[in-house]
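Heads up: the structure comes next, in structure tokens.
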Protein chains: 2
Amino acid sequence: MKRITIKEIAKKAGVSVGTVDRVLHDRGEVAEKTKKLVLKIAKEGNYSTNVFARNLKLNKTYKLAVLIPDDNEYWRTQKIGIERAAKEYEHLGIQALFYTFDRQNLGSFLENSDKAIKEEPDGVVMAPLMGKESPTVCARLTENDIPFVFVDSNISQANPLAFVGQDTFQSGYLSAKLLNYGSKKGLSTAIIIYSDYDSKNKTLRERINGYKKYYEDRDWDQALVTEYIVENKSFFSQEKLKGVEILFVPNSRAHQVCMDLGEGREANYRILGYDQIQPNVDCLKNGSIDFIINQNPQLQGYLSVQTLYKKLIVSSDVEELNLMPLEVVTKENLAYSNSSFY
Amino acid sequence: MKRITIKEIAKKAGVSVGTVDRVLHDRGEVAEKTKKLVLKIAKEGNYSTNVFARNLKLNKTYKLAVLIPDDNEYWRTQKIGIERAAKEYEHLGIQALFYTFDRQNLGSFLENSDKAIKEEPDGVVMAPLMGKESPTVCARLTENDIPFVFVDSNISQANPLAFVGQDTFQSGYLSAKLLNYGSKKGLSTAIIIYSDYDSKNKTLRERINGYKKYYEDRDWDQALVTEYIVENKSFFSQEKLKGVEILFVPNSRAHQVCMDLGEGREANYRILGYDQIQPNVDCLKNGSIDFIINQNPQLQGYLSVQTLYKKLIVSSDVEELNLMPLEVVTKENLAYSNSSFY
DNA sequence: ACCTTTTCCGTTAACGACCACGGAAATTTA
DNA sequence: TAAATTTCCGTGGTCGTTAACGGAAAAGGT
């Protein structure tokens, strides 16, 4: 079905292309009557702007500000995905500018977000990790009509253009299923949380809740699952893990657990952790970790840019919710979830 | 970094844009000396064609011929992915034309592929399921300079633009890991193959090989794994499955196995199958199937079109190997691998 | 009635690539 | 040497959209 062009609309409406353009862009200076006529004809003719002509004329480079941390492999992988997309869309006018911040340092977040906004970007990719301050930044973006996409974490009230990430609660639920496979009454579980910044994380909480819900749904003894806040490795030399069969590590520190356990003791437990980072991969390979749930950080980064590309350049509708699959990584499918981008 | 335009090249070289254009398109009618000069300047200026200007001028709709089966939910889901991508890229000039064929009927494949090629498509998405005849079709496409992308199965010798699918061998290997979780010496396994057309499948064979390799790598007793060709449900009333702990169904028929077992007997086995089709999903939900390995058919379809879009319209490099993750689906992450596109 | 302001609309020149057309200069042929 | 080719190259129009600019007509002001 052929689309009508501005010129054709102009002819049908008996006006000039300038007028049609003013109507379609709501630039004013056109009588109500002609406006209605033009809109009617445009609709009937199935008008949609010609992406090629539009961008050729505008000849614009779209600046995307990327507001994420850069302090570990997970975020560096996100960055790689973003850079990959940016490169791919480079000659279509996409340009990514990074404003990496330090999660421990609120000032660094505020400073960088401020710098980012001052640059007047056309779109923003951000990780809304700062519970209180992120909404403020989003408010400023909304005010300036700058579309923004969340990666990793979501704050749906902030009304982002899209969210790219994972369902954390469900990932905990799935973890319980995997780890308890073959058991009829549930296995004794220690949830290991190192007492660093990650322990206050909202994501962490939801994963744990998901895990516990699995036991609840099966009427298994809730006492089987215990949370431990670990200060240092001396924890593991105590007798706390006696009788425990499962170690559930709801963040990327599973490799740390293996190391701190020492002396091949990790073979006594079923262990599941998060994020396919190198130290975890090593543990998967040598068999000390059984499962890793991967969040596909590279794909997240890639999709966040792709979403903004679609919005800004192609002006097409975008998926508001891009949930990454709960990707189960084991020693056996490691190579493939690694080599494959998707 | 700004890219040089044709006009700028012309100016620098002291020739007209027409000449530059002839050089860049190798249309001849230009002296060797000027040709070299133009190419040098183009290279130095980091020239690449402006996608917007190019497509505006050409104003072309690219016909993509899609040569796949349509006989089950898996392929219909592939089709949905393709349609989704086609719709998304519609106003960029992409148009998908379907030539669905019947896998049982060689004539239908030949007829449809012939029809497809006669339409002179700009690109082709195909499932090379016909071992002997697919290469012939590919040869014709190569002859006519029509790029083609394989989905689901690969024949790398045919030199496709890209392959979108899964690593079948590894998926079998992973299946063995999941099903034997918690066991130290391997569990007794029956591989169930219904004696229909699927049984001759190459994909099927590779999955089984992967499964067996897992036992081999662990020095488990190979006799633990037995293949059964099943004619009909009477098989299950015999005593063949006595002592068997695992049922590995290397295709999408796991639901059939559950049904044919009957009387809740499926609860006695650990069962894994392939493809997240509705009957399998139902079995996952009621707990009769433990794991499904999903091949992400919708994503496959989507990516195959996206690949051709990149090649034809954006003229960018494309990923030659797009391996889908070995997505493990359980009752617990079902909703999410369902609702999520990626 | 005349001047000023506002409202409304048409004209036009890009954006970069593409290619048909024609024509000058160089080369070959008669 | 003139005519006929061949080689090589420039011109100009087009794709659809955008937006600056200017101008006519209508409305308002004195």
Side-chain angles (χ1 to χ4, degrees), chain A residues 1-39 41-42 45-62 90-94 122 312-316, chain B residues 1-39 41-43 45-62 90-93 122 312-316:
Chain A
M1 178 160 68
K2 210 176 151 291
R3 282 147 48 211
I4 201 171
T5 68
I6 280 190
K7 205 190 287 180
E8 288 163 350
I9 295 176
K11 197 170 163 189
K12 280 200 181 183
V15 296
S16 74
V17 292
T19 303
V20 175
D21 182 68
R22 272 188 294 272
V23 171
L24 295 176
H25 291 86
D26 220 14
R27 286 198 277 124
E29 302 193 4
V30 40
E32 195 59 31
K33 210 178 72 182
T34 34
K35 181 174 173 179
K36 279 201 176 137
L37 177 62
V38 166
L39 285 176
I41 295 174
N46 188 32
Y47 177 80
S48 72
T49 174
N50 182 314
V51 176
F52 301 126
R54 169 166 224 272
N55 286 285
L56 172 61
K57 181 66 179 78
L58 295 181
N59 202 7
K60 194 174 156 164
T61 67
Y62 295 83
E90 184 188 4
H91 64 296
L92 301 181
I94 289 287
D122 301 282
L312 295 172
I313 299 193
V314 186
S315 318
S316 71
Chain B
M1 177 163 70
K2 210 176 151 289
R3 282 150 45 216
I4 201 170
T5 69
I6 279 191
K7 204 190 290 180
E8 288 163 351
I9 295 177
K11 198 171 164 189
K12 279 199 182 186
V15 296
S16 74
V17 292
T19 303
V20 175
D21 183 69
R22 271 188 296 271
V23 171
L24 294 176
H25 290 87
D26 220 14
R27 284 199 277 125
E29 302 194 3
V30 41
E32 194 61 30
K33 212 178 73 180
T34 33
K35 182 174 174 179
K36 279 200 177 140
L37 177 63
V38 166
L39 285 176
I41 295 174
K43 193 169 183 184
N46 187 33
Y47 176 81
S48 72
T49 177
N50 183 313
V51 176
F52 301 126
R54 171 166 222 274
N55 286 286
L56 172 60
K57 180 63 179 81
L58 296 182
N59 202 7
K60 194 175 153 143
T61 66
Y62 295 83
E90 183 188 5
H91 65 297
L92 300 181
D122 301 282
L312 294 173
I313 300 193
V314 185
S315 318
S316 73

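- Phosphate contact (OP1/OP2 of dC9(D), side-chain N/O of T34(B), threshold under 4.0 Å): present.
- OP1 or OP2 of dG10(C) sits under 4.0 Å from a side-chain N or O of T19(A).
- In this structure, K60(A) places its NZ atom 19 Å from P of dT17(D), rounding to the nearest Å.
- Distances shown here put a side-chain N or O of R54(A) below 4.0 Å from the OP1 or OP2 atom of dT18(D).
- Side-chain contact between K7(A) and K12(A) is absent, with no heavy-atom pair separated by less than 4.5 Å.
- When the P atom of dA17(C) is taken as reference, atom NE2 of H91(A) falls 12 Å away, rounded to whole Å.
- Annotation: side chain of K36(A) is not in contact with side chain of L39(A) (no heavy-atom distance under 4.5 Å).
- Atoms CD (E32(A)) and C1' (dT6(C)) sit 17 Å apart, rounded to a whole Å.
- Between the CD1 atom of I6(B) and the P atom of dG13(D) there is a distance of 19 Å, given to the nearest Å.
- The residue L56(B) sits close to a base: some heavy atom pair falls under 4.0 Å.
- Between the side chain of R22(A) and the base of dG10(C), at least one donor-acceptor pair of N or O atoms lies under 3.5 Å.
- Residues R27(A) and G18(B) both approach DNA chain D. Their nearest nucleotides, taken by heavy-atom distance, put G18(B) toward the 5′ side.
- Taking side-chain N and O atoms only, T49(A) has no distance below 4.0 Å to OP1 or OP2 of dG16(D).
- L58(A) comes within contact range of the sugar-phosphate backbone alone, with a heavy-atom separation under 4.0 Å but no base atom that close.
- For the pair K35(A) NZ and dT7(C) C1', the computed distance is 14 Å after rounding to whole Å.
- The residue G28(B) sits apart from the nucleic acid: no heavy atom pair falls under 4.0 Å.
- By the 4.5 Å heavy-atom criterion applied to side chains, T49(B) and H91(A) are not counted as neighbours.
- Projected onto DNA chain C by closest heavy-atom contact, E29(B) and Y47(B) fall at different nucleotides, the more 5' of which corresponds to Y47(B).
- Here N59(B) reaches the OP1 or OP2 of dG16(D): one of its side-chain N or O atoms lies under 4.0 Å away.
- Within the model, atoms CG of D21(A) and NE2 of H25(A) stand 5.0 Å from one another, a figure rounded to the nearest 0.5 Å.
- D21(A) comes within 4.0 angstrom of a base, heavy atoms only.
- Taken from CD1 in I41(B) to CD1 in I4(B), the straight-line distance is 7.0 Å, to the nearest 0.5 Å.
- Residue contacts shown for K57(B) include a base, since a base heavy atom lies under 4.0 Å away.
- Regarding F52(A), its CZ atom lies at a distance of 13 Å from the C1' atom of dA17(C), rounded to whole Å.
- Between N50(B) atom CG and dC18(C) atom P there is a gap of 9 Å when expressed in whole angstrom units.
- A straight line from CZ of R3(A) to C1' of dT17(D) spans 12 Å, rounded to a whole angstrom.
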*asked:* Between L92(B) and Y62(B), is the side chain to side chain contact (heavy atoms under 4.5 Å, CB included) condition met? List the steps.
replied: CA-CA 9 Å; L92(B) 300 181; Y62(B) 295 83; over 6 Å; no
